[in-house]
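Structure first, then comments.
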Amino acid sequence: RKEVEQDPGPFNVPEGATVAFNCTYSNSASQSFFWYRQDCRKEPKLLMSVYSSGNEDGRFTAQLNRASQYISLLIRDSKLSDSATYLCVVSPQWTGTALIFGKGTTLSVSS
Amino acid sequence: NAGVTQTPKFQVLKTGQSMTLQCAQDMNHNSMYWYRQDPGMGLRLIYYSASEGTTDKGEVPNGYNVSRLNKREFSLRLESAAPSQTSVYFCASLAGRAGETQYFGPGTRLLVL
């Protein structure tokens, strides 16, 4: 089983749609969780951290289910500018080692 | 602050040539990382340095060497480039505290002919 698994997509949605991405991770001792966004030919950038209580940042909502080892990202009212690849990222228990990245889910929002 | 910088942005090499990719961060971070990203493969860790003076292998270290020159700089060297090393290389850094996230440089696009 891969350490972090995501549906690669692509997800093709119209503007204004709500879209959800899911991610599972294999290491139950993982401590920190993130969603990154990567635009074509650019570096990955942090979109938001994911907390056990769930967290929201504008149109974006992230959820963590530790029991199921499952992370989700919900995007409401999709914009053209949301078109990108979304990477699910997990941090091992200890610090100083690298984050573990999923392969990403591609989103394409059309007008 | 520039964050994480990488040079060069683009490079074309012939098989067997050597080169060094440079990375520097000005955020006083303890940990630094080198990844490669290939289509359909996601980000794969090549080497990392948890702190100044230490380096460790990641998932795909073969064909690469690294040097943590000081706290700011972490270089990646290809001693004898191969076409399989054609990729986009990203450097990243991390403060080293629990829950902290990584910051990436803009990447180096390398083509080995």
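In what follows, every chain begins at residue 1, and chains take the letters A, B, ... in the order their sequences are listed.
- The hydrophobic cluster containing B:Val88 does not contain B:Phe74, counting ILVMFWY residues as joined when their side-chain heavy atoms lie under 4.5 angstrom apart, directly or transitively.
- Heavy atoms only, all atoms of each residue included: B:Tyr35 and A:Leu99 are closest at OH-O, 3.5 Å.
- With a 4.5 Å cut-off on non-hydrogen atoms, A:Tyr36 touches chain B through its side chain but not through its backbone.
- For the atom pair CD1 of A:Ile100 and CD of B:Glu59, the computed distance is 9.5 Å after rounding to the nearest 0.5 Å.
- Residue A:Tyr70 qualifies as enclosed at atom OH: its count of foreign heavy atoms under 6.0 Å is above 12.
- A:Ile75 and A:Trp35 fall within a single hydrophobic cluster, where Ile, Leu, Val, Met, Phe, Trp and Tyr side chains are chained together by heavy-atom contacts under 4.5 Å.
- Scanning for salt bridge (Lys or Arg N to Asp or Glu O under 4.0 Å) contacts around A:Asp57 gives an empty result, with sequence neighbours left out.
- With values rounded to the nearest 0.5 angstrom, B:Gln37 atom CD is found 11.5 Å from A:Arg41 atom CZ.
- B:Arg109 touches chain A through its side chain: at least one heavy atom from C-beta onward sits under 4.5 Å away, while N, CA, C and O do not.
- Across every non-hydrogen atom of B:Phe104 and A:Pro44, the tightest pair is CD1-O, 3.6 Å.
- Note on B:Leu45: it does not cluster hydrophobically with B:Leu110, by side-chain heavy-atom contacts below 4.5 Å among ILVMFWY residues.
- The candidate with the highest count of non-hydrogen atom pairs below 4.5 Å against chain B, out of A:Leu46, A:Leu87, A:Thr85, is A:Leu46.
- Atoms NZ and CG, from A:Lys103 and B:Asp38 in turn, are 10.5 Å apart once rounded to the nearest 0.5 Å.
- Under a hydrophobic-cluster definition in which Ile, Leu, Val, Met, Phe, Trp and Tyr are linked whenever side-chain heavy atoms come within less than 4.5 Å, directly or via other members, B:Trp34 and B:Phe90 are assigned to different clusters.
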